There are 2 protein chains.
Amino acid sequence: MSAQVQNSFRALADPTRRDILMLLSRQEMTIGEIAAEFPITRAAVKKHLNMLEEGQLISVHPSGRERINRLQPQGLKNVTEWMSYFDQFWDDKLSALQDVFNNQ
Amino acid sequence: MSAQVQNSFRALADPTRRDILMLLSRQEMTIGEIAAEFPITRAAVKKHLNMLEEGQLISVHPSGRERINRLQPQGLKNVTEWMSYFDQFWDDKLSALQDVFNNQ
DNA sequence: TACATATGATACCGTTTGGTTTCATATATT
DNA sequence: AATATATGAAACCAAACGGTATCATATGTA
């Protein structure tokens with residue numbers, strides 16, 4: 001349960017993986033199609049996709065010899081729910097908001 | 001600008017750092033006080049605090065020989081804003097929501 | 001002034017991460 | 001059946017990460 005939250009946060013911590021999610025937001029894609037958009041090898045992309053899947057940020061759907069990678073909302077949900085705890089510090093502690101302007 | 005987003009995501013990717021944020025949500029604390037709550041050395045906590053500061057998740061305020069660590073909302077804001085792009089896939093693509101139930 | 005305390009910084013270590021190359025396997029296509 | 005294509009997996013490497021121990025420094029306190 002909490003391990004899923006960790007996997008989601010970890011998956012989002014890499015800029016390439018976040019870019020992959022942006023790509024997949026427009027259309028579902030195969031590994032080869034995704035790899036063509038980045039200056040890294042298909043093997044490296046595959047590792048990123050594995051982490052994204054572990055973080056529940058994508059789902060993978062076999063179709064013949066291809067594997068379709070599709071955006072999945074659960075991972076973002078895990079992160080959003082963890083962060084929602086801090087919403088109160090936006091509302092309650094106005095001093096926190098002031099810090100945005102005061103500190104540096 | 002985008003480097004700040006990366007620093008915020010990276011800072012949140014470690015469970016100890018997220019626990020530190022939970023602690024700081026209740027009260028601002030010195031490094032020593034935070035370190036007393038974890039089974040790791042003060043030096044390790046200091047490294048975590050450095051990353052949290054780089055990610056704009058905390059602000060540090062010197063007070064005599066102590067340094068007060070305080071929650072700062074900007075880091076969470078960075079992450080929330082990046083993720084807000086995906087809100088439309090909650091609303092528009094209902095198929096994405098179905099995946100939560102269908103896949104696995 | 002001398003000593004205690006709170007923190008900072010550096011060197012070091014094992015593990016994880018992001019990447020490559022290479023080889024294997026499964027599915028289309030001719 | 002033979003070949004091409006799409007993917008998986010493993011071995012390997014340099015860099016980053018999470019941690020420790022140690023030493024230095026700045027601020028209170030007796």
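Just so we're on the same page: letters track the sequence lines, and every chain starts at 1. What you see is a predicted model, and the numbers here were worked out from it, not measured in a lab.
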| message | Measuring to OP1 and OP2 of D:dC17, would you say a side-chain N or O of B:His48 lies under 4.0 angstrom away? | response | no
| said: Please report the distance, rounded to the nearest Å, between CZ in B:Arg42 and P in D:dT22. | reply: 14 Å
| Gap between atoms CD and C1', on B:Glu53 and C:dA9 respectively (whole Å) | 15 Å
| field | Along DNA chain C (nearest heavy atom to each residue), the more 5'-positioned of A:Ala44 and A:Ser63 | value | A:Ala44
| query | In whole Å, what is the span from the CG atom of A:Leu49 to the P atom of D:dA9? | reply | 13 Å
| Are B:Met51 and B:Leu24 connected, step by step, through hydrophobic side chains (Ile, Leu, Val, Met, Phe, Trp, Tyr) whose heavy atoms are closer than 4.5 Å? | no
| request: Let me know the distance between CG of A:Asp19 and C1' of C:dG18, rounded to the nearest Å. | output: 15 Å
| For A:Glu33, does its backbone N or O pair with a side-chain atom of A:Thr30 as donor and acceptor, under 3.5 Å? | yes
| query | Is B:Thr30 near enough to C:dT7 that one of its side-chain N or O atoms lies under 4.0 angstrom from OP1 or OP2? | reply | yes
| Atom CZ of B:Arg67 and atom C1' of C:dG8: how far apart are they, to the nearest Å? | 8 Å
| request: Return yes if some donor-acceptor pair links the side-chain N/O of B:Arg42 with the main-chain N/O of B:Ala35 below 3.5 Å, else return no. | output: no
| request: Indicate, yes or no, whether a donor-acceptor pair under 3.5 Å links the base of D:dT7 to the side chain of A:Arg65. | output: no
| request: Please state how far atom CD1 in B:Ile31 lies from atom P in D:dT27, giving the value in whole angstrom units. | output: 15 Å
| query | Using a distance-only test with no angle check, is there a side-chain donor-acceptor pair under 3.5 angstrom linking B:Gln74 and B:Asn78? | reply | yes
| task | Establish, with yes or no, whether the OP1 or OP2 oxygen of D:dT20 is under 4.0 angstrom from a side-chain nitrogen or oxygen of B:Thr41. | result | yes
| task | Starting from C1' on D:dT25, measure out to CD on B:Glu66 and report it in whole angstrom. | result | 16 Å
